[in-house]
Amino acid sequence: EGVSFLKEGEGSVNGEEMVRRARVELDVNYGQEDAEWLLEHQDMIPTELRGYYLVFTATIWRDRDGDRYVPCLYWDGGKWVLHFDWLRDDWGRLSRLPRPRK
């Protein structure tokens with residue numbers, strides 16, 4: 001399932017706040033290995049999540065300039081694709097934190 005990290009009335013939050021909420025408030029903290037596993041098992045990702053970026057906050061990469069990135073999956077016209085998004089950006093309603101359904 002896809003979990004929203006936004007609170008009532010919010011349109012977006014910065015990436016660092018999204019990571020904090022994922023880890024501390026929501027206990028939804030999956031990483032790049034989980035994203036790669038899902039890529040290999042794309043049929044397990046519900047079709048209703050195709051309109052969202054799935055963000056994996058347990059892995060954070062830093063480039064040589066100090067910019068921080070998180071792995072994400074997005075639906076690209078027929079398959080899920082792995083890419084890395086800048087944490088400095090604002091993250092909004094089109095992003096979800098993935099977790100297994102209960």
Side-chain angles (χ1 to χ4, degrees):
E1 68 181 326
V3 177
S4 176
F5 47 83
L6 296 175
K7 295 182 178 180
E8 186 74 30
E10 290 181 327
S12 65
V13 296
N14 69 49
E16 299 296 340
E17 179 62 15
M18 174 188 62
V19 169
R20 188 195 70 74
R21 289 180 185 179
R23 293 178 177 183
V24 176
E25 295 178 18
L26 300 170
D27 195 29
V28 180
N29 196 36
Y30 295 93
Q32 183 172 339
E33 288 181 0
D34 302 296
E36 290 171 353
W37 187 90
L38 277 174
L39 273 179
E40 294 176 12
H41 302 89
Q42 294 190 18
D43 59 315
M44 298 184 77
I45 303 173
T47 57
E48 63 264 19
L49 293 180
R50 289 181 180 171
Y52 297 101
Y53 290 95
L54 305 181
V55 186
F56 296 82
T57 57
T59 301
I60 298 178
W61 290 101
R62 184 182 306 268
D63 68 14
R64 65 178 165 240
D65 296 323
D67 295 323
R68 295 162 36 102
Y69 297 83
V70 288
C72 301
L73 294 179
Y74 71 95
W75 183 254
D76 186 25
K79 65 180 179 177
W80 287 92
V81 176
L82 175 67
H83 73 109
F84 298 86
D85 247 332
W86 202 15
L87 270 181
R88 190 183 293 182
D89 289 339
D90 284 344
W91 296 75
R93 299 178 196 274
L94 294 179
S95 301
R96 292 289 186 266
L97 304 169
R99 74 171 170 206
R101 286 186 177 157
K102 294 180 180 180

Please report the closest heavy-atom contact between G11 and L6, naming both atoms and the distance. O-CD1, 3.8 Å
For E16 and N14, which heavy atoms make the closest approach, and how far apart are they?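 Taking every non-hydrogen atom into account, N-OD1, 3.0 Å.
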Measure the spacing between [atom1] of [X] and [atom2] of [Y] and express it to the nearest 0.5 Å.
X: W86; Y: D67; atom1: CH2; atom2: CG; answer: 5.5 Å
X: M18; Y: R23; atom1: CE; atom2: CZ; answer: 10.0 Å
X: Q32; Y: L73; atom1: CD; atom2: CG; answer: 10.0 Å
X: T57; Y: R21; atom1: OG1; atom2: CZ; answer: 13.0 Å
X: I45; Y: W80; atom1: CD1; atom2: CH2; answer: 5.0 Å
X: F84; Y: T59; atom1: CZ; atom2: OG1; answer: 8.0 Å

Could you walk me through whether R68 and R88 satisfy the side chain to side chain contact (heavy atoms under 4.5 Å, CB included) test, starting with their C-alpha distance in whole Å, then the side-chain angles of each, then the deciding distance to 0.1 Å, before giving a yes or no? CA-CA 7 Å; R68 295 162 36 102; R88 190 183 293 182; over 6 Å; no
Can you list everything that forms a side chain to side chain contact (heavy atoms under 4.5 Å, CB included) with D27? Sequence neighbours excluded, please. none
Same cluster (ILVMFWY, side-chain, under 4.5 Å), [X] and [Y]:
X: Y74; Y: L49; answer: no
X: V3; Y: L94; answer: no
X: M44; Y: V55; answer: yes
X: V13; Y: V28; answer: yes
X: L39; Y: V81; answer: no

Can V70 and W91 be said to form a side chain to side chain contact (heavy atoms under 4.5 Å, CB included), step by step? CA-CA 12 Å; V70 288; W91 296 75; 3.9 Å; yes
Surrounding [atom1] of [X] (heavy atoms of other residues, nucleotides or ligands, distance under 6.0 Å), is the total greater than 12?
X: E10; atom1: CD; value: yes
X: F5; atom1: CZ; value: yes
X: Y69; atom1: OH; value: yes

Salt bridge or not for E25 and R20, using N-O below 4.0 Å?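 Yes, this pair counts.
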Would you say that [X] contacts [Y] through its side chain, given a criterion of any heavy-atom pair below 4.5 Å between the two side chains?
X: P98; Y: E1; answer: no
X: E36; Y: F56; answer: no
X: Y52; Y: S4; answer: no

